[in-house]
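Below: one structure, written as structure tokens.
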Amino acid sequence: MTAITDVLDSSASEEYVPLAGEPAAPTGKQVAVVGAGVAGMACAIRLALLGNGVVLYEARAPERMGAHLHEPAPASASDQALFERLAAQGRIRCEYGRRLGVDLELADLHLWHDAIFLGIGLASSRVLALSGSDPAGLVDAGRRLAAVYALDDLLALPVPQRAIVIGASRGAVGMAARLKQLGAQDVTLALRHALAPDGPEEEVARACFVRVRGWVAPLEVLRDVRGAVESVRFEQTRLLGDRVVDTGGFTEIAAHAVFKAVGRAAGAERDTQVAQQSREGDRIEVDGCFRTALPGIYAGGDCVAARLERTQARRHGLQAAQAIHADLQA
Ligand SMILES: Cc1cc2nc3c(=O)[nH]c(=O)nc-3n(C[C@H](O)[C@H](O)[C@H](O)COP(=O)(O)OP(=O)(O)OC[C@H]3O[C@@H](n4cnc5c(N)ncnc54)[C@H](O)[C@@H]3O)c2cc1C
């Protein structure tokens, strides 16, 4: 397997290298790209070419997309054409008029996607509280919608009475089991498909009295008037051929807290150029693989480094896509 540090080449030429080709077979992973600027567009295209599903969230409305002060379009004509082809093939879905921090929460995005790339330009790093001094750990734990990165993190939280853990990975099953051991009364493991019958995950869930609810995909976290988590609305799924698809049916599961297990970022070698730049000003700090302090969340372009040119912002997006893909496959 390619080591993550092999993916990035900080000395890479800044020259424009056109993107081309057909998308690889679907990996089953879904990545949120926030910001349809140079970095976000490049990241979305490469992620889709690598076989990942991409949802692109952009603050501007579609009719305002060419209205940058300084550029007629966020991508070159060839990138734009490839982007449109991938969108027509259903490999990239665009949601315009969605502004992170206003009508889109980072914690919700985290719940719905396997990884997030932030390409939001000069705006918003303070709003997102992702500067380097913020500790890795929980996203939005204060509102009890938490993304927990390792079992030990659970010890820092008050144990909820009813919890939902989303995911089918060994980490998710371990987290559900740990919540039960810590005293949670009712823990549901919710997953888009079924656990393998009599596999190790199923065995752990059974032994720890974790309720397994298969064939559901999270749609929305519902809150009470005080903003506390009340339940999660799911769409029911089913198998169509070898793909898991939504059925159009809905179900709700009550919970006081929702968790999702994501891998803890490995201590990657830092790209000194990116790391140096990302310390300047109010930028999101990233490591050499464009990972932020929060595992599963990456950033690139103007929001991590000052005074970039378009080709550099594009390179950030492309390299972040490689890193995200490699992390998701690891
Ligand atoms: C005035 C000016 C002139 C420049 N001239 C040149 C030049 O001549 N040549 C050159 O190579 N470079 C130039 N640059 C630099 C170049 O434009 C940037 O480096 C490049 O655009 C950065 O790309 P990006 O994707 O990081 O950010 P952007 O291109 O700024 O894209 C960010 C995107 O994120 C969206 N967004 C922002 N906040 C949110 C949010 N909260 N939620 C959802 N979406 C959000 C924005 O609407 C935007 O579409 C110039 C920059 C400026 C400011």
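Throughout, residue positions are numbered sequentially from 1 according to the sequence presented. Indexing begins at 1, ligand by ligand and atom by atom, following the structure's order.
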Give the atoms of ligand 1, by number and element, whose distance to some non-hydrogen atom of [X] is under 4.0 Å.
{"X": "Leu100", "answer": "40 (C), 41 (N), 42 (N), 43 (C)"}
{"X": "Gly121", "answer": "27 (O), 30 (O), 32 (C)"}
{"X": "Gly119", "answer": "32 (C), 33 (C), 34 (O)"}
{"X": "Leu308", "answer": "15 (C), 19 (O)"}

Regarding ligand 1, does [X] bring an N or O atom to under 3.5 Å of one of the ligand's N or O atoms?
{"X": "Arg60", "value": "yes"}
{"X": "Ala39", "value": "yes"}
{"X": "Val38", "value": "yes"}
{"X": "Thr311", "value": "no"}
{"X": "Val34", "value": "no"}

Q: Answer with side chain, backbone, both or neither: which part of Ala59 has a heavy atom less than 4.0 angstrom from an atom of ligand 1?
A: both
Answer yes or no: is there a donor N or O on one side and an acceptor on the other, between the side chain of [X] and the main chain of [Y], under 3.5 Å?
{"X": "Thr188", "Y": "Ala190", "result": "no"}
{"X": "Asp114", "Y": "Gln30", "result": "yes"}
{"X": "Gln89", "Y": "Arg91", "result": "no"}

Q) Which option out of Arg99, Arg310, Gln312, Glu95 puts a heavy atom nearest to atom 13 (C) of ligand 1? A) Arg310
Q. Can you tell which of Val33, Val304, Asp302 gets a heavy atom nearest to atom 26 (O) of ligand 1?
A. Asp302
Q. Can you name the residues that form a side-chain hydrogen bond (donor to acceptor under 3.5 Å, both in side chains) with Asp103, not counting sequence neighbours?
A. none
Q: Mind checking ring-ring contact (aromatic ring centres under 6.0 Å, His included) for Tyr57 and listing every partner two or more places apart, or none if nothing turns up?
A: His113
Q | Geometric cation-pi criterion, Arg60 with Tyr96: 6.0 Å, 45° | A | no
(Q) One thing to verify: whether Arg206 and Glu203 come together as a salt bridge, which I'm taking to mean a side-chain N less than 4.0 angstrom from a carboxylate O. (A) no
Q) Going by heavy atoms, is Met41 under 4.0 Å from ligand 1? A) no
